[in-house]
Novice: 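I'd like to ask some things about the structure below.
The sequence lines fix the lettering, A, B, ..., with proteins before strands; numbering per chain opens at 1.
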Amino acid sequence: MVDRLLNRHGAADGQADDPVATVWAHVQQARNLKRPHTLELLKYMADEFIELHGDRYFGDDPAIVAGLAKIGGVRTVVIGFQKGQDTEENIRRNFGLPHPEGYRKAMRMMELAERFAMPVLTFVDVQGAFPGAAAEERGIADGIARSVGMLTRLRTPVVVVITGEGGSGGALGLAVGDTVVALENSIYSVISPEGCAAILWRSGEQSHQAAYAMKVTANEQKDLGIIDIVIAEPGEGAHTDPAEMARRIKEVVLEQFEIHGRLTPDELVDARYAKFRPMGPFGLAEQPETPPERPGCAGWIRGILFRRPSLPQFPGTRRAAPANREEV
Amino acid sequence: MVDRLLNRHGAADGQADDPVATVWAHVQQARNLKRPHTLELLKYMADEFIELHGDRYFGDDPAIVAGLAKIGGVRTVVIGFQKGQDTEENIRRNFGLPHPEGYRKAMRMMELAERFAMPVLTFVDVQGAFPGAAAEERGIADGIARSVGMLTRLRTPVVVVITGEGGSGGALGLAVGDTVVALENSIYSVISPEGCAAILWRSGEQSHQAAYAMKVTANEQKDLGIIDIVIAEPGEGAHTDPAEMARRIKEVVLEQFEIHGRLTPDELVDARYAKFRPMGPFGLAEQPETPPERPGCAGWIRGILFRRPSLPQFPGTRRAAPANREEV
Amino acid sequence: MPVRLPFRPRRDAYPADLWTKCPGCAEMLFNKQLDKSLRVCPHCGHHFRIPARTRVAQLIDSGSFAERDGNLQPVDSLAFVDLKAYPDRLLAAQLSTGLRDAAIWGPGTMGGRPVALCVMDFFFIGGSMGPVVGEKITRAGEYALAERVPLIIVSASGGARMQEGTYSLMQLVKTMGIVERVKAARIPYISVMTDPTTGGVFASFAVAGDVNLAEPNALIRFAGDRVSAGTIGEELPVVPRAEFWLSHGFVDRVVPRAQLRDEIIAILSMLIPPSVGGQAESAAPPLARGRSILSAITGALGADNSGESRAVEAGQSRGENSNG
Amino acid sequence: MPVRLPFRPRRDAYPADLWTKCPGCAEMLFNKQLDKSLRVCPHCGHHFRIPARTRVAQLIDSGSFAERDGNLQPVDSLAFVDLKAYPDRLLAAQLSTGLRDAAIWGPGTMGGRPVALCVMDFFFIGGSMGPVVGEKITRAGEYALAERVPLIIVSASGGARMQEGTYSLMQLVKTMGIVERVKAARIPYISVMTDPTTGGVFASFAVAGDVNLAEPNALIRFAGDRVSAGTIGEELPVVPRAEFWLSHGFVDRVVPRAQLRDEIIAILSMLIPPSVGGQAESAAPPLARGRSILSAITGALGADNSGESRAVEAGQSRGENSNG
Ligand SMILES: [Zn+2]
Ligand SMILES: [Zn+2]
């Protein structure tokens, strides 16, 4: 299956007969309950790990784990989503769906990292923030916003590894880094395929179609410039050889720490800002005015406004530069 | 009554026949429900006041009010405890007893003050933080500790006005300033007289005695160097002429803002630290060793260790300098 | 005041372009009257959603707004098709709103004070935030940062725009990135949440104001109905509206539309030191080492001449000290 | 291992100086064995309260602790009398504990790393904090700041000392003042809460560690029983012990006494960059402009020679770049 997915990405040569089904298989792979999570990967990657607990405001969110680690001898702050290994642990960890406390704990750890000159490593694998009442009323929106904001200015290297599902704002809260890495079978999306289908198709049944339309796979996201590095998974997927998976991640992470660590804190923060600043393409109309509200000009407007990237450029429209992406 | 209290402080000339009863009358005056609270005083003092709400974590504590004010034309952040004017408001405001949210709201306002170069004015009138389960488990201790800590480093002038009860850590959370002002009939204590009596006398009945022993009155606290300025109250107390009370407070506060505002932020923070750093006297034994654990030397140790301030200095003991206090 | 008719005619007696039925109280409201009351029902206080340009006109000093970057337009970078193709959705929205995307921004003045104002438009694909909206918010913030003028953002949004995929998600990073920089530069940022402010907009710049204002009864939430219904999360016992967030600590003030402009002006006059004479005011400069706090409190060059007598005195006495 | 007797003799058969009854499991424990197990019950894990000097000996490298300011002694500045005169209470405490007040501090080393250690003693008037305790904590912090070594404070306290009135309250300000400065200087501060840590000690330095550790089952609370009983506050449904605060987000780790020293050493080895060769390590210097992060991550002068090969490589390659 992995090979098939690779082929699908490598060339649209028709080997994958049903592209929607292929993407859905990829989504299922990303969600495989046996995939290694933060603590399992650390078991292989870290020389030593001391988990720290609590947000210093309300609680300790078991869906996000964080602590101090030595990885290849490098002192590191690690923060990651944590699903359970079995039903009991899944219930205790709220199926890996975080409350605001999780992001606030993460921010406390980021602050420690900055203060004690430790790089930050995050592991991202979450369908989205917990959508329940308790999370909402204690400010899950605020927790995500501030965590994202803090990451845009944190004066120490941040490497993000998307290991499974990178789902919407809940994932983004820990996914702003100098390098965003993704495992080959992982996905990244603005909303879960189910959520997208429910809203746009008004039916959860269309989640396969939604996943396809959103281009959720790691390699598609790399092509879009959202992800910097895709790490190939061993065997039939990360869960079949977590030790080898961890070894590959560790190699990439340490290399990235070293690259970003060469900068001064000012240079680093400027570079991170410059990385995300141009993300998201848009067009520039030569007409500074917005379209007039009159009938009959639809074709004219359509001609000016919508140019698929693959089509030749219409004279009246310049496409902005695509998102910068540094191959590291 | 005010005159009697003044006399009592002015000279121990026997006019106050029962000193314990006199102090207790003072405590009752400080607790008079009709005394003006933060919002009532602002009505008279502020040209304009915009209350802001919320701690951005959990809630908005009605027991602590905060916002932006212009006082004598000076842009100011005001934070203060707020008891109710009637039973209904008292219930809504939890009888003025704050939860952690109150201190966290206060810290958010302090941060705004620092960032936008506004001096901070706090009004203190609280028996102590709310001692219930919700406050405890959401970290009232942390809220107080961090609020105190932030005030020790805030880079803008802070003037504290104790208007009624300054009770323990709950009060202290808003009572660290460049100048600590107290109204004449206010009290300030490490614990409420009732709490002190319950612990030391093992009976709440002895609260009068405890208030006397702790030297809770504003003028006694000024003598101890804890309070810098005592403002005389009009008529039979602040509640009998709140407009005049507010006028006197405003005059002092604006003068203090001006004095502290002349410093640079570094100078100001250093001066505030230097003000609190020496608070609390202690002795220095010439013997560096701690007392030996043997019987029969009690008298010798007693002679070395305990010198009442009024007694001549024993050669083996130097008293540390009393707390610095600048008369401003 | 609304026109009250002596009797209630049949529904279809109201021409749709002249009358609007209030969803709050079911009263039929005369559109011209409704516009005069800023599209707030005079009977029940229901705040109707309003287009971005209407909002700008309500907030800004008349004639002072100069729209910027009006030529930014969305592209269909994912070639996204759901029940409709994304370009068709865009076109329909553009034709019906007269906007190229769901936000406009520009410099202007409020009460004579220069500001950078960005306003979202819910009528454009539910006010959803894709790259163009994120770019406009970012540029408004960059302008605020460069010119040291306050940033004001009025949100009205269903969240991130799904049709532009993770590019839309990245707008949360862009907007929080500039908000953090505006804050670090000590420039005031006022967020105004209007009905509705949800999803990724609530979870980025909208929640992150120095002061968060909200219109009465505005729906504000992160998890949408349809999204959370599909998961294990239980629903909130109440619909989370502006007043809910006031008591839960994330909104500073719930402000009726009629007072919104005045409140923003009043808050800005608190957060920004007065400047000299009739000159335009600007945000406080960073406190410099060796510079007294008073000079920052009272503005870079002193106090203005309107009732700031104490501040002037303070400045003078300081001057005397340094001469003495 | 404890001595298990084949039968249980009558209580008074145990000489009090040889045996201690465990309040956790009611087992009679042989004192010498109990000392060997760091005064933790081998049957039920009950952590007995221990004197400050015992705690120091358990934590610090043998012989490395040099007590400072042992001559600080309390004064009766309020001439305070309750059921007893304060000087009499002090004297009794001093005679029974061999301490002048409820805390001792000094520099020392843990695992070879220099630290500033301050330990409270609950047996001295309930470990209450007056000016002497506050002064010692402050001086420990000042030493940590001056020498750039980690600050470690072990709390055991009933709160502020009432007999010294608001002077005791001001110790919350002094201690938080120095804690804020230690943190701003990027020096690690580890707070260890032991049974009990309550009142003003919990509400100041004890809660404010970069890392907060607590011993199992330690009582930790702000509002004391007798205090809250006299007011309108309802009691917590459970007694708030270390594990409660772990789940409520204010304690990072609950650490059994046998692991405490090793955990502190391990945490410090994470928070402090390695130094060169056999030299004493110190906390990270502030990140300077123009200085790469790597140099801070790996220590001021480079990496040590024990398994930090990557860091060394990084340092070298950086050197090559700047030469090229
Ligand atoms: Zn209506
Ligand atoms: Zn036991």
Novice: Which region of C:Arg89, side chain (C-beta onward) or backbone (N, CA, C, O), has a non-hydrogen atom less than 4.5 Å from a non-hydrogen atom of chain A, or is it both or neither?
Specialist: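 Interface part for C:Arg89: side chain.
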
Novice: Find the one option among C:Val132, C:Ile178, C:Ile220 whose heavy-atom pairs under 4.5 Å with chain A are most numerous.
Specialist: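 Between C:Val132, C:Ile178, C:Ile220, the count favours C:Ile178.
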
Novice: Any donor and acceptor pair, going by atom type alone, linking the side chain of C:Arg241 with main-chain N or O of C:Glu243 inside 3.5 Å?
Specialist: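 It does not hold such a pair.
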
Novice: Kindly determine whether A:Arg277 and C:Glu135 satisfy salt bridge (charged side-chain N to carboxylate O under 4.0 Å, His left out), including the steps that lead there.
Specialist: CA-CA 9 Å; A:Arg277 177 65 187 81; C:Glu135 184 70 18; 2.9 Å; yes

Novice: Spell out, as yes or no, whether a donor-acceptor pair under 3.5 Å connects the side chain of C:Thr198 to the backbone of C:Gly158.
Specialist: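 Checked: pair present.
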
Novice: Could you look at C:Met162 and say if it's the side chain, the backbone, both or neither that has a heavy atom under 4.5 Å from chain A?
Specialist: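 Contact with chain A involves both backbone and side-chain atoms of C:Met162.
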
Novice: Does C:Thr166 reach the main-chain N or O of C:Leu169 with its side chain, forming a donor-acceptor pair under 3.5 Å?
Specialist: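 It does not hold such a pair.
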
Novice: For C:Arg49, run the side chain to side chain donor-acceptor pair (under 3.5 Å) check against C:Asp195, C:Thr194, C:Asp121 and tell me which one passes.
Specialist: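 Of the listed options, the one satisfying the test is C:Asp195.
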
Novice: Looking at chain C, which one of A:Tyr273, A:Tyr188, A:Phe276 has the largest number of heavy-atom pairs inside 4.5 Å, strictly under?
Specialist: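 Max contact count across the listed options: A:Tyr273.
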
Novice: For the candidates A:Val176, A:Leu172, A:Ile144, A:Ile140, which exhibits the highest count of non-hydrogen atom pairs separated by less than 4.5 Å from chain C?
Specialist: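 Ranked by contacts with chain C, first place is A:Leu172.
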
Novice: Does A:Glu136 reach the main-chain N or O of C:Phe222 with its side chain, forming a donor-acceptor pair under 3.5 Å?
Specialist: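 Confirmed, A:Glu136 side chain pairs with C:Phe222 backbone.
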
Novice: Under 4.5 Å heavy-atom distance to chain C, tell me which part of A:Arg138 shows up: side chain, backbone, both or neither.
Specialist: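 Contact with chain C is through the backbone of A:Arg138 alone.
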
Novice: Between A:Val148, A:Asp142, A:Val216, which has the largest tally of heavy atom pairs under 4.5 Å with chain C?
Specialist: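 Between A:Val148, A:Asp142, A:Val216, the count favours A:Asp142.
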
Novice: Heavy-atom distances under 4.5 Å only: say whether A:Val269 touches chain C with side chain, backbone, both or neither.
Specialist: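 A:Val269 touches chain C through backbone and side-chain heavy atoms alike.
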
Novice: Hey, are A:Thr217 and A:Glu220 close enough side-chain-wise for a donor-acceptor pair under 3.5 Å?
Specialist: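 Yes, A:Thr217 and A:Glu220 have a side-chain donor paired with an acceptor closer than 3.5 Å.
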
Novice: Which one of C:Lys183, C:Arg181, C:His248 has the most heavy-atom pairs closer than 4.5 Å to chain A?
Specialist: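 It is C:Arg181.
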
Novice: Which one of C:Glu164, C:Gln171, C:Lys84 has the most heavy-atom pairs closer than 4.5 Å to chain A?
Specialist: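 Among the listed options, the one with the most contacts to chain A is C:Gln171.
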
Novice: Counting only heavy atoms closer than 4.5 Å, note whether A:Ala197 contacts chain C via side chain, backbone, both or neither.
Specialist: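 For A:Ala197, no heavy atom lies under 4.5 Å from chain C.
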
Novice: Got a donor-acceptor contact below 3.5 angstrom from the C:Asn71 side chain to the A:Ala285 backbone?
Specialist: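 Answer holds: yes.
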
Novice: Is C:Val179 in contact with chain A via its backbone, its side chain, both, or neither, using a 4.5 Å heavy-atom distance?
Specialist: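 No part of it gets close to chain A.
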
Novice: At a heavy-atom distance under 4.5 Å, which candidate from A:Ser168, A:Ala135, A:Gly169 has the highest pair count against chain C?
Specialist: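 Winner by heavy-atom pair count: A:Ser168.
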
Novice: Is the ring pair C:Trp245/C:Phe250 parallel, tilted or perpendicular, if the boundaries are 30 and 60 degrees?
Specialist: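 Ring orientation of C:Trp245 relative to C:Phe250: perpendicular.
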
